[in-house]
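Contents: one structure, followed by commentary.
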Amino acid sequence: MVELVKDGSTGMEKVVLREPGGATAQVHLYGGHVTSWKNEKGEELLFLSSKAIFKPPKAIRGGIPICFPQFGTFGSLEQHGFARNRFWVIDPNPPPPPPALTGGNNGNGTSSNNNSSSKQQPFVDLILKHGEDEHKIWPHSFELCLRVVLGLGGDLTLITRVRNTDSKNFTFTFALHTYLSVSDVSEVRIEGLETLDYLDNLKDRERFTEQGNAITFDAEVDRIYVGTPTKIAIIDHEKKRTFVLKKEGLPDAVVWNPWEKKARAMVDFGDEEYKHMLCVEAAAVEKPITLKPGEEWRGRQELSAVPSSYFSGQLDPIKVLQG
Ligand SMILES: O=P(O)(O)OC[C@H]1O[C@@H](O)[C@H](O)[C@@H](O)[C@@H]1O
């Protein structure tokens with residue numbers, strides 16, 4: 001089921017997706033921003049700050065902001081570009097719907113593919129086109145489309161397309177700035193980024209090579225891992241939950257946690273909230289994307305939340321990453 005509703009507390013419009021198993025997702029038109037993703041038990045899987053501000057020009061703190069046409073400060077635009085603080089619209093001419101059932105996570109980590117073609121995965125297509133305000137700061141005609149699909153089984157897929165509707169080339173960087181909800185970030189580890197190179201945002205983007213076996217957290221982290229595998233696992237020991245992030249067209253992965261000091265400096269973020277979030281962002285940053293007139297780029301991120309008990313109490317990262 002898909003419905004457009006007005007959020008009672010903020011007055012903002014959002015699209016609510018519900019799949020028959022009970023999982024839900026919601027997408028605010030402001031920012032084309034996924035602000036909630038819940039599993040069939042109603043547990044929230046994305047972090048949304050209790051201090052998030054739902055008012056332009058501030059982007060919503062949490063969920064999945066879209067960074068376009070600039071990631072971070074990699075250019076002359078405002079941090080992370082303007083797509084996250086513009087009002088998007090529901091696409092009146094979306095591409096054909098996704099196939100009825102591509103399978104999903106059935107709770108034990110495997111993919112199910114039952115053939116009940118009567119069941120449609122709820123999805124919504126949003127679009128952002130350049131307007132006069134955007135043209136003043138980024139003089140290119142474009143269409144940015146976002147499809148959000150809530151798979152039967154509860155997986156959350158974001159498919160983004162950028163189309164050059166201009167008469168000259170343009171170049172952009174991009175990220176799906178995903179805030180995952182975790183029990184305690186110091187009990188979380190990321191697998192799939194070991195031995196990779198990263199640009200350290202805390203050290204003027206100097207390039208380092210990851211040495212550790214897995215990435216764990218005991219201080220501020222702000223890194224762009226470059227040329228990563230298509231699958232990354234975020235393992236929350238305390239919650240016994242593993243997020244599996246699969247991506248296409250987005251070669252890099254940003255990992256960010258502000259930790260204590262930066263958390264205190266952010267007006268739209270609780271002082272202690274850094275403990276309960278971790279951003280892992282599918283991104284295209286190191287090698288910006290150039291589109292010729294009429295060309296289109298596509299990026300995709302699929303998130304699933306797998307109970308760690310699936311691995312009989314013994315997490316098997318190989319299965320998570322290669323399974
Ligand atoms: O406060 P913002 O603009 O939402 O950005 C949050 C963080 O987003 C991350 O993606 C960046 O790597 C960080 O450098 C930045 O601090």
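As the structure lists them, so they are numbered: ligands from 1, and atoms in each ligand from 1.
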Pocket residues of ligand 1, ordered first by chain and then by residue number (heavy-atom cut-off under 4.0 Å): R61, F71, Q79, H80, R84, H177, N201, D222, V254, W256, E281
Side-chain touch L202/E220, heavy atoms, less than 4.5 angstrom: yes
Residue from E206, E210, E281 passing salt bridge (Lys or Arg N to Asp or Glu O under 4.0 Å) with R223: E210
Proximity of H140 and H130 rings by center, below 6.0 Å: no
H177-F71 aromatic ring centre distance below 6.0 Å: no
pair P251-V226: side-chain heavy atoms closer than 4.5 Å: no
Residue pairs, two or more places apart or on separate chains, that pass side chain to side chain donor-acceptor pair (under 3.5 Å) and touch residues 62-75: T73-R205
